[in-house]
Amino acid sequence: QVQLAESGGGLVQAGGSLRLSCAASGRTFGSYVVAWFRQAPGKEREFVTAISGSGLSTYYADSVKGRFTISRDNAENTVYLQMNNLKPEDTAVYYCAADHNPPGNTRPWAYDYWGQGTQVTVSS
């Protein structure tokens with residue numbers, strides 16, 4: 001059972017940056033597709049970005065393209081989300097999720113393993 005733990009959230013002004021980390025357990029981390037989702041109060045959980053096990057393929061929601069970058073360091077069992085030019089609408093709890101072979105990559109139900117979430121708040 002892989003375990004995931006997010007960190008790096010906090011309060012930032014609009015236009016600022018944050019770097020989130022998703023630390024994973026396990027010895028086969030490089031075989032997992034990892035995604036970031038976010039959920040704002042009163043809203044459904046929303047896909048943000050995903051990365052293949054090798055790190056060679058990435059996918060971004062239109063709302064974050066050009067601002068967010070997902071990356072991974074399999075030697076450290078960690079996936080990162082670099083968030084630049086943050087906007088108030090980015091405010092949400094951010095979750096990382098992983099699966100060996102998700103049946104799709106943009107829906108929460110596709111992922112079996114989830115972290116506890118980390119709060120990102122962007123003030124204007």
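Small disclaimer: the values here were computed from a predicted structure and weren't measured.
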May I have the list of side-chain donor-acceptor pairs in residues 20-37 shorter than 3.5 Å, sequence neighbours left out?
unit_1: S25; atom_1: OG; unit_2: Q3; atom_2: N; d: 2.7
unit_1: S31; atom_1: OG; unit_2: T28; atom_2: O; d: 2.7
unit_1: S31; atom_1: OG; unit_2: H100; atom_2: NE2; d: 2.8

Next on the checklist: Going by disulfide bond (SG atoms under 2.5 Å apart), name the pairs with one or both residues in residues 41-84, residues two or more places apart or in two chains.
Outcome noted: none
Item to check | With sequence neighbours excluded, residues passing salt bridge (charged side-chain N to carboxylate O under 4.0 Å, His left out) with K43 | outcome: none
Item to check | Residue pairs involving residues 46-86 (criterion disulfide bond (SG atoms under 2.5 Å apart); sequence neighbours excluded) | outcome: none
Item to check | Check: E6 side chain, Q116 main-chain N or O, donor-acceptor pair, under 3.5 Å | outcome: yes
Next on the checklist: Using only atom types and a distance under 3.5 Å, with no angle test, would you say the side chain of D73 pairs donor to acceptor with the backbone of T78?
Outcome noted: no
Next on the checklist: According to ring pair (Phe, Tyr, Trp, His ring centres under 6.0 Å), does anything in residues 49-76 pair up with another residue at least two apart or in another chain? List the pairs.
Outcome noted: F47-Y59
Checklist entry - Could you give the distance from CH2 (W114) to CG (L4), rounded to the nearest 0.5 Å? => result 10.0 Å
Checklist entry - Nearest heavy-atom pair of A50 and Y111: which atoms, and what distance? => result CB-OH, 4.0 Å
Checklist entry - With sequence neighbours excluded, what pairs up with S52 under the side-chain hydrogen bond (donor to acceptor under 3.5 Å, both in side chains) test? => result S54
Checklist outcome for this item: side-chain hydrogen bond (donor to acceptor under 3.5 Å, both in side chains) filter on S71, not counting sequence neighbours, yields none
Item to check | With sequence neighbours excluded, residues passing side-chain hydrogen bond (donor to acceptor under 3.5 Å, both in side chains) with Y94 | outcome: R38
Item to check | Cluster link V122 to L81, ILVMFWY, side chain under 4.5 Å | outcome: yes
Next on the checklist: Quick test of your reading: applying salt bridge (charged side-chain N to carboxylate O under 4.0 Å, His left out), list the pairs with at least one residue in residues 52-64, sequence neighbours left out, ordered by first then second residue.
Outcome noted: D62-K65
Checklist entry - What residues, two or more places apart in sequence or in another chain, satisfy salt bridge (charged side-chain N to carboxylate O under 4.0 Å, His left out) together with E89? => result none
Item to check | Nearest non-hydrogen partners of S17 and N84, listed with the distance | outcome: OG-OD1, 2.9 Å
Checklist entry - Could you give the distance from CG (L18) to CD (Q82), rounded to the nearest 0.5 Å? => result 8.5 Å
Next on the checklist: Applying salt bridge (charged side-chain N to carboxylate O under 4.0 Å, His left out), can you list everything that pairs with R67, at least two apart in sequence or on another chain?
Outcome noted: D90
Next on the checklist: If the condition is side-chain hydrogen bond (donor to acceptor under 3.5 Å, both in side chains), which residues does T121 pass it with, not counting sequence neighbours?
Outcome noted: Q119
Next on the checklist: Nearest 0.5 angstrom please: R19 CZ to M83 CE, how far?
Outcome noted: 11.5 Å
Checklist entry - For the atom pair SG (C96) and CD1 (I51), what is the distance rounded to the nearest 0.5 Å? => result 12.5 Å
Next on the checklist: Hydrophobic clustering (ILVMFWY, side-chain heavy atoms < 4.5 Å, transitive) - are Y113 and V93 grouped together?
Outcome noted: no
